[in-house]
Amino acid sequence: MMYNYKQIEKKWQKYWKENNTYVVSNDTCLDKKKYYMLVEFPYPSGVGLHVGHARVYTASDVQARFKRSLGYNVLFPMGWDAFGAPAEQYAIKNHIHPKMAVLENIKVFKGQMESLGLSIDWSREFSTTDPEYYKWTQWQFLQFYKAGLAYKDEKEINWCPKCKTGLSNEDAQGGVCERCGSRTEKKLKNQWLLRMSNYADKLLDGLKNTDFLDKVKTAQVNWIGKSEGALVKFHLAGTEDDLEVFTTRCDTLYGVTFMVISPEHPFLKKYLDKIVNRNELEKYQKEAALKSEIERTDATKEKTGVCLDGLEAIHPLTGERLAIWVSDYVLSSYGTGAIMAVPAHDERDYAFAKKFGIPILPVIAGGDVLTEAYTGDGVHIHSSFLDGLDKEEAISAMLKYLEENHIGERKVNYRLQDWIFSRQRFWGEPIPMIHCDKCGWVEVPVCDLPVLLPDVSSYEPTDDGESPLANITDWVNTTCPKCGGVAKRETDTMPNWAGSSWYWLRYMDPKNSCEFASMDAMKYWGMVDLYDGGMEHATRHLLYARFWNIFLHEQGLVPYSEPFLKRISHGMILGEGGEKMSKSRGNVVNPNDMIRDYGADALRVYEMFIGDYTKDATWSENGLKGCKKFLNRIWNLQDKLNDCCEYSKNLENLIHKTIKKVTNDIETLNYNTAVSALMILLNEMDKEKEISRRDYRTILHLLNPFAPHITEELNEIYHLGDEFSSSSWPQYEEEKTVSQTLKIGVQVNGKLRSTIEVVKDTSKDELEKLAISEENVQKHIEGKEIIKIIAIPNRIVNIVVK
RNA sequence: GCCUGAGUGGCGAAAUAGGUAGACGCACAGGACUUAAAAUCCUGCGAGAUUCAAACCUCGUGUCGGUUCAAGUCCGACCUUAGGCACCA
């Protein structure tokens, strides 16, 4: 008999909704421990969920159902991250307001999630585009501003010519727009920034208090890019200024033969009148500005540069005059935008010196400087007081000397930069600031929050690099909250990452209209226990969110510094051909179709069975069919049901084993082996003529987190016990997980020659006797000398012969 | 170039502490049921040699070496591959 999955799944989904089965309270009086299961909320695009999303939400749901069954008060919420370019583009294309586009898309997404049977507490749902939500995003921005961490600055930013907006460094990795793939340009623009670089060390230190996957931690550490070294001052001849450089190898100071500064270095403007070859310089600067980030950072391309005529630096130790070169291999965004060049021991400096015929002076013994830059670590030479010292000794001796003589100081440098927080888009949170000619930048008073987006019909990006909001004069023109004079609103909006930088806090107290979340609620739910998301967010969302939370904690606004205890990242689902699923490839599998043809339970079981959850997996509809078959067999097991309320003798041992295995596997996210353990148990039950009510109840319970509908249905039909959604997880007895008899292998010289069946804990001596008496073993030891016998009870026997 | 992982049948994958490699599933083949197909059930399924058939034997977890009674697992070198960082001073 086939089971009617369509009707059963609909029935239980309706039942859960009507009974608020998965609505959770912040009740601190409950005698339950809390568990916060968070999964990255989706961006509700026009295309709906695909089976990759379904895998992630199912895994989180399995975890939530499991933890609930273990007695935890589980927070498993869902919301929508709906600001940003895709919604805006979708709206422009379909000639509707982004607000409406978002509503439409959310409806589709939510419907899909509901048909998967997820145990989400929908009473806590919100979208980052809800004014009641972004009011608090704006409020939090003002806290950054008050703390001096939000500032407006003329900055060279990453500009996407296609999207017509500025991007953060994180969104323009490798000089490519994350959204559309265009090459980004450098553009000087007045931007809002958040001082994230001040938090570099805190972001590094905080990792110690988390249990993130190693590769996630490494990605963050690399992105922050801490390097320890020294700041060294080279006097600029004939001026009051010093040219400052950052170096990690101040021990090679005696090897410096020239200086290099970036084409954007401020001294070039300041001392332009001193520079004789001005025309040559300006030509070079123009060329550099036109180059894309990719071209500029291509390490394989030949070095270019201009030697300044009229400006020289003075070596702080030797007093020698050093030529200053301008070259785009020095980046204005890292360190001081200037370097001391040590061609003998740095590949790049070497290549540059070679090309322009600059002297190369070795200061570390051991390399052949004529053929290549020396990178080994011999002792120092030609270096005065450093001669004979090794790298570590020389660095500390030089640091001491620099500091004592005020030539330089220890300095830690970071790759991490301030967060470019302005976007020239319509569909984002307006930055709640007002500019008044008299008072300067003035905050929007809290009572006027949220600053709402205007309801207009045209919100397409402008060509001049200004936000679309700038054209809406009614909205822009306002009065200064301070002096009451005429003033203008900030027209830039926040990046998409703003709304996702605190959303997990809002779930704790989503209806609060006085605060973003009450301290009590935040204390109750604490840190997110398990946060599941994609690897693509390891350096962006995860860094922004941690920065935001650390800041709020410093302001006394949240109880914990780190927001997430454990971060895991799931793999993708690839199309049947092993390629990434995409609309253009036409290999996207829609979960709706799979649910229609096989049922939500089958889809869920298959998604969990497909392979290691943290790795990519290739979709196979045949695999899904196999899981459907498994559920059919679970359904048909009812025909074997007897009246007995204890475990069947033949199955008891395996049942205890399976409870243990499934429990541990869900805990450690090894969902695929948990499912296989259930398949093994089913196979054994199927071999029996009858199974007991307890046998059935237990396998159904273990399967419930994976296939909640069919299991609740069977449990109800046969009155096997309470609903699984309110039952405690089955217990196993350790001693009953061990078999009384077992088969162990017998090897001769490490090769398997036979197996013997013995009772558990058979002694060493007995094992040896049994092993030797095996016929095939005899054949292999006949006429040979037994050197020794290794017999390990319950494991193996190995006979070593010569 | 540097930093992480990962390489196991035709395929997706298993293998707590070194202890019977390939569990579980898919695909495939043979059989049962059926007028037939689908569904379902049963059997087989790493490669090779041998055999009527089987037992048995040899080889086998990316490559080469090592440690050990015993290596997918530990150690060393290398190859391939995925991801992160990268003219970062």
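Source: prediction; values computed, not measured. Proteins come first, then strands; the chains are lettered A, B, ... in the order of their sequence lines, and each starts at number 1.
Spacing between B:A32 and B:U20 at atom P, rounded to whole Å, works out to 39 Å. Rounded to the nearest Å, the gap between the C1' atom of B:C87 and that of B:G83 is 22 Å. Separating the P atom of B:A6 from that of B:G62 is a span of 12 Å, rounded to the nearest Å. A gap of 35 Å separates the C1' atoms of B:G1 and B:G12, to the nearest Å. Only the C1' atoms considered, B:U73 is 14 Å distant from B:A14, to the nearest whole Å.
For the OP1/OP2 pair of B:A23 and a distance below 4.0 Å, the side-chain nitrogens and oxygens of A:N683 include no atom meeting the criterion. For A:H780 and B:C57, the shortest distance from a side-chain N or O to OP1 or OP2 is below 4.0 Å. Proximity of A:N672 to the phosphate of B:A23: no side-chain N or O atom is located under 4.0 Å from OP1 or OP2. Between B:G83 and A:K615, no contact under 4.0 Å exists linking OP1 or OP2 to a side-chain N or O.
Using the Watson-Crick or G-U wobble rule with both distances under 3.5 Å, B:G22 pairs with nothing in any strand shown. Remark: B:U58 base-pairs with B:A47; criterion is Watson-Crick or G-U wobble with both hydrogen-bond distances under 3.5 Å. B:C33: no Watson-Crick or G-U partner with both key distances under 3.5 Å is found in any strand. Using the Watson-Crick or G-U wobble rule with both distances under 3.5 Å, B:A38 pairs with nothing in any strand shown. Shown here, B:A27 forms no base pair; nothing in the strands shown gives a Watson-Crick or G-U wobble contact with both key distances under 3.5 Å. Within the shown strands, nothing qualifies as a pairing partner of B:U8 under the Watson-Crick or G-U definition with both distances less than 3.5 Å. Base pairing of B:G76 is made with B:C64, judged by Watson-Crick or G-U wobble geometry with both donor-acceptor distances under 3.5 Å. Across all strands shown, B:C3 is found opposite B:G83 as a Watson-Crick or G-U wobble partner, with both distances under 3.5 Å.
A straight line from NZ of A:K657 to P of B:C24 spans 13 Å, rounded to a whole angstrom. Between the CD atom of A:Q747 and the P atom of B:U68 there is a distance of 17 Å, rounded to whole Å. Across the protein-nucleic acid pair, A:K625 atom NZ and B:A38 atom P stand 12 Å apart, rounded to whole Å. If you take CG of A:L624 and P of B:G12, they are 18 Å apart, rounded to a whole angstrom. In this entry the distance linking CG of A:N749 with P of B:A70 reads 8 Å, nearest Å. Atom CD1 in A:I573 sits roughly 11 Å away from atom P in B:A13 (whole-Å rounding). Going from atom CG of A:L574 over to atom C1' of B:G83 covers 14 Å, rounded to whole Å. Rounded to a whole Å, the CE atom of A:M679 is 6 Å from the P atom of B:G25.
Nearest nucleotide to the A:F609 side chain, out of B:C26, B:C85, B:C24: B:C24. For A:K303, counting side-chain heavy atoms from C-beta on, the closest listed nucleotide (B:C69, B:A89, B:C87) is B:C87. Of the candidates B:A17, B:C88, B:C85, B:C88 carries the atom nearest the A:L331 side chain, counting heavy atoms from C-beta on. The side chain of A:K743 lies closest to B:U20, out of B:C57, B:U20, B:A14. For A:R348, counting side-chain heavy atoms from C-beta on, the closest listed nucleotide (B:U20, B:C24, B:C88) is B:C88. The side chain of A:S676 approaches B:A23 more closely than any other nucleotide in the set B:A23, B:C26, B:A89. Nearest nucleotide to the A:I796 side chain, out of B:U20, B:A23, B:G12: B:U20. For A:K788, whose side chain is taken as the heavy atoms from C-beta onward, the closest listed nucleotide among B:C88, B:C24, B:C69 is B:C69. For A:K629, the listed nucleotide lying nearest its side chain is B:C26; candidates were B:C26, B:A14, B:A23.
Both A:G623 and A:R753 sit near RNA chain B, but only A:G623 has its closest nucleotide nearer the 5' end. Both A:I339 and A:S754 sit near RNA chain B, but only A:S754 has its closest nucleotide nearer the 5' end.
Taking a cutoff of 4.0 Å between a charged side-chain nitrogen and a carboxylate oxygen, A:E302 and A:K355 qualify as a salt bridge. Remark: A:R604 does not engage A:E607 in a salt bridge, criterion side-chain N to carboxylate O under 4.0 Å. Between A:D171 and A:R540, at least one side-chain N (NZ, or NE/NH1/NH2) sits under 4.0 Å from a carboxylate O, which counts as a salt bridge. Under the 4.0 Å criterion applied to side-chain N and carboxylate O atoms, A:K660 and A:E734 are assigned as salt-bridge partners. Using a 4.0 Å cut-off between charged side-chain N and carboxylate O, A:K788 and A:E768 make no salt bridge. A:K226 and A:D201 are joined by a salt bridge, as a carboxylate oxygen and a charged side-chain nitrogen come within less than 4.0 angstrom of each other.
Using cut-offs of 30° and 60° for the angle between ring planes, the A:Y3 and A:Y5 rings count as perpendicular.
With hydrogens and angles disregarded, no donor-acceptor distance shorter than 3.5 Å links the side chain of A:D242 to the backbone of A:E244.
Because its glycosidic torsion is within 90° of 0, B:G9 is reported here as syn.
Between the side chain of A:K779 and the base of B:C56, no donor-acceptor pair of N or O atoms lies under 3.5 Å. Judged by distance alone, with hydrogens and angles left aside, A:N622 brings no side-chain donor or acceptor close enough to the base of B:C26 to form a pair under 3.5 Å.
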